[in-house]
2 protein chains.
Amino acid sequence: MKQNKPSAQTATIREIARRAEVSIASVSRALNGKPGISDALRDKILTISREVAYQPSAAARQLISGKAAVVGISLGRQDIELRPYYILLYQHLTVALHQQGMVPIFFHHDQTRELPERAGAAILLGETGEDERPGVLRAAGTPFVRIGNAGEGFSVAPDDVSGLYQITQHLIQQGRTRIAFVGGELDVPRPHSRFSGYQQAMAEAALSEQLLSLPHRFTSDSLTSYRRLNRFLNHEGAEQLPFDALVCATDELALGCVAALEDRDIRVPEEVAVTGFDDLPTLATGLTTVRQDIAAIAAMSVELLSEALAGKAPRHVSLPVALVLRETS
Amino acid sequence: MKQNKPSAQTATIREIARRAEVSIASVSRALNGKPGISDALRDKILTISREVAYQPSAAARQLISGKAAVVGISLGRQDIELRPYYILLYQHLTVALHQQGMVPIFFHHDQTRELPERAGAAILLGETGEDERPGVLRAAGTPFVRIGNAGEGFSVAPDDVSGLYQITQHLIQQGRTRIAFVGGELDVPRPHSRFSGYQQAMAEAALSEQLLSLPHRFTSDSLTSYRRLNRFLNHEGAEQLPFDALVCATDELALGCVAALEDRDIRVPEEVAVTGFDDLPTLATGLTTVRQDIAAIAAMSVELLSEALAGKAPRHVSLPVALVLRETS
DNA sequence: CTGAAAGCGCTTACAG
DNA sequence: CTGAAAGCGCTTACAG
């Protein structure tokens, strides 16, 4: 009675071989996309393996390869690696990798050169434009997937542009006309595409853009936006508010803005609407924001990694996002 | 030339058996503390295994046991799980576990009941006083280690009391006399022990305590302390500052305090010294703080987990911390 | 194209 | 107390 773990008994290749009436060698070849097997047989085996929900044993594979299926997770620049969004991503990545029998191991941005020595593949986070990591990995022959904008090689990203476009449109439909964008320029890779979604919606409605640009920061995003907005209001005077909505690049920035407005008794959303992006658990409570499915991003990264490992052609996957209307708009 | 991974070739039990001139069965028994082997032989084998720096193959063990050595990492309450300190802890835990051939899998605080079904052991983070998790795990027979204050069962924690005591004393030696403590009461498990370190040092110097208590928060710690201090100064008047030093329970709180003082042109550290706790990378730059070795905490957790799995007697390990003097004191 | 067999490192009945 | 052998699930030369 002590142990009642539901044995997640996956079928083994032996079971599949039995059903397909072939040898386990053929099953192994079919499963791994190895040559030397007829297409008919391969299809048959693949179908059966799907039916029995086959999951390979990572342990057995490792035993043979002599080393674990270690996937290096390369973090972005130091200043962004501690952000809630990334933390959530790490967690989901760990789970997704584990389900495929892979083991994650973290590398700081500046440890990229060590990565190929310790891992057989990599997932790159928080890539910037002039990032040297892809070059380093390519030179070492280490397959990788980027979580970020489309570009060379495999990559996944939420549809930032569409998200910001939708949320900006939502504000416009509410009758808001003086809508400002709050974001950091250096805050790669998100701001660029997010900002352009905002721009697109504003242009279509023939409204003029306003930008509250944030400095590159090392500490709290919320504190940064709070202080920035505060300073701005001190100068411009809170009486003739130059905006009736603040579209923020992240939930954290939005929270800082909400706090700053509250502290000046400016009503949200009556006088000023505030929107975020990410829909981070706990943090985004009450916030109108754009939800991105972090678990899906993690799962897709791992799937693409398998494709990369199998030598398939690179592709970019854009994952849908959803508008979440709450109290701040 | 493409692959030049330094094969971290650990010796296998076969190698040990060869050197000891025994069978691999005996080696296995000696290594696993199984009965049915003479003490002399066991010692001999253990010595050799140490000499060759033997590391068991997790893959092989898993293959036999039929399931991976999955360790559930149980996160604290939602509001604290996204803090930088915990992120760092996750990362180090992942690495430490991996080195022992174990695989981490994350569980939210309220998913604890599922943990025993999917993991064979657990590490508990951010435990509160009335936490139900230990009870749930004990009932399920799942061995676990807590990262937190001494109590029942296995646990590890940095020496919070000593750290706060040291940093407070440092300020006292500088001639500061009006030293306030900045911390959140609900901010378990750290505040309690940290606060008492401060109290101890203040009492010894016969100085009176001051407490700037923070509300339970869901967003940014830095923003919270910034606003709290700001509000405090608005009331008390910035001219007759009631303190000449702020001892904060975390680096993040300290950063908010520094920002608030800066925005009022109060000089740090001339007029007011500010200290943190944790020495978080990037965040703590420039901050006088107490460093705790997160990697060591992670490693010790995993070591204790092995002891728990082996049925050894529970113990608490307190890890040393170090004063780091920088620009804010 | 397909299969029988060896072997990855380890544990554990089964003999002695 | 000690050892020879089987077997965990899989991959990969080696034959056919």
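Atom set for the values below is all heavy atoms of this structure, side chains included, hydrogens, waters and symmetry mates excluded. Each chain gets a letter, A, B and so on, in the order the sequences are listed, and its residues count up from 1.
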Is [X] reaching over with its side chain to a backbone N or O of [Y], donor-acceptor style, under 3.5 angstrom?
X: B:Q111; Y: B:H108; result: yes
X: B:K34; Y: B:S28; result: no
X: B:T47; Y: B:D43; result: yes
X: A:T142; Y: A:R138; result: no

Worksheet entry | Contact list for residues 313-322 of chain A, test side-chain hydrogen bond (donor to acceptor under 3.5 Å, both in side chains), sequence neighbours left out |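 Passing the test, one end in residues 313-322 of chain A: A:S155-A:H316, A:E307-A:R315.
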
Worksheet item: Do the side-chain N and O atoms of A:Q292 and A:D279 include a donor-acceptor pair separated by under 3.5 angstrom?
Response: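 Short answer, no.
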
Discussion item. Less than 3.5 Å apart, any donor N or O on the side chain of B:T112 or B:R133 sitting next to an acceptor on the other?
Written reply: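 Not at all, the side chains of B:T112 and B:R133 share no donor-acceptor pair under 3.5 Å.
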
Fill in: Set of ring-ring contact (aromatic ring centres under 6.0 Å, His included) partners for B:Y54, sequence neighbours left out
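With neighbours one apart ignored, the set is empty.
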
Discussion item. Between A:F106 and B:Y90, is the ring centroid distance below 6.0 Å?
Written reply: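 For A:F106 and B:Y90, the ring centres are not under 6.0 Å apart.
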
Worksheet item: Of the candidate nucleotides C:dA13, C:dT2, C:dC10, which contains the atom at the shortest distance from the side chain of B:R29?
Response: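 That would be C:dA13.
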
Fill in: A:R42: partners by salt bridge (Lys or Arg N to Asp or Glu O under 4.0 Å), with sequence neighbours left out
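In terms of salt bridge (Lys or Arg N to Asp or Glu O under 4.0 Å), with neighbours along the sequence ignored, A:R42 is linked to no residue.
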
Worksheet item: Dot-bracket for DNA chain D, 5' to 3', counting Watson-Crick or G-U wobble pairs under 3.5 Å, with [ ] for crossing pairs and | for inter-strand pairs?
Response: |||.||||||||.|||

Item to complete: Could you check which residues of residues 19-26 of chain B get a heavy atom under 4.0 Å from DNA chain C? Sort them by number, please.
Response: B:I24, B:A25

Practice prompt. Identify, residue by residue, the members of residues 36-52 of chain B with a heavy atom below 4.0 Å from DNA chain C, and return them in order of residue number, or none.
Written response: none

Find the distance [X]:[atom1] to [N]:[atom2] and express it as a whole number of Å.
X: A:I13; N: D:dC8; atom1: CD1; atom2: P; value: 12 Å
X: B:L31; N: C:dG9; atom1: CG; atom2: P; value: 15 Å
X: A:R18; N: D:dG9; atom1: CZ; atom2: C1'; value: 16 Å

Worksheet item: Heavy-atom distance under 4.5 Å between the side chains of A:L115 and A:S74, does that happen here?
Response: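 In short, these two side chains touch, coming nearer than 4.5 Å.
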
Worksheet entry | N or O in side chain of B:K34 less than 4.0 angstrom from C:dT12 OP1/OP2 |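 Yes, within the criterion.
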
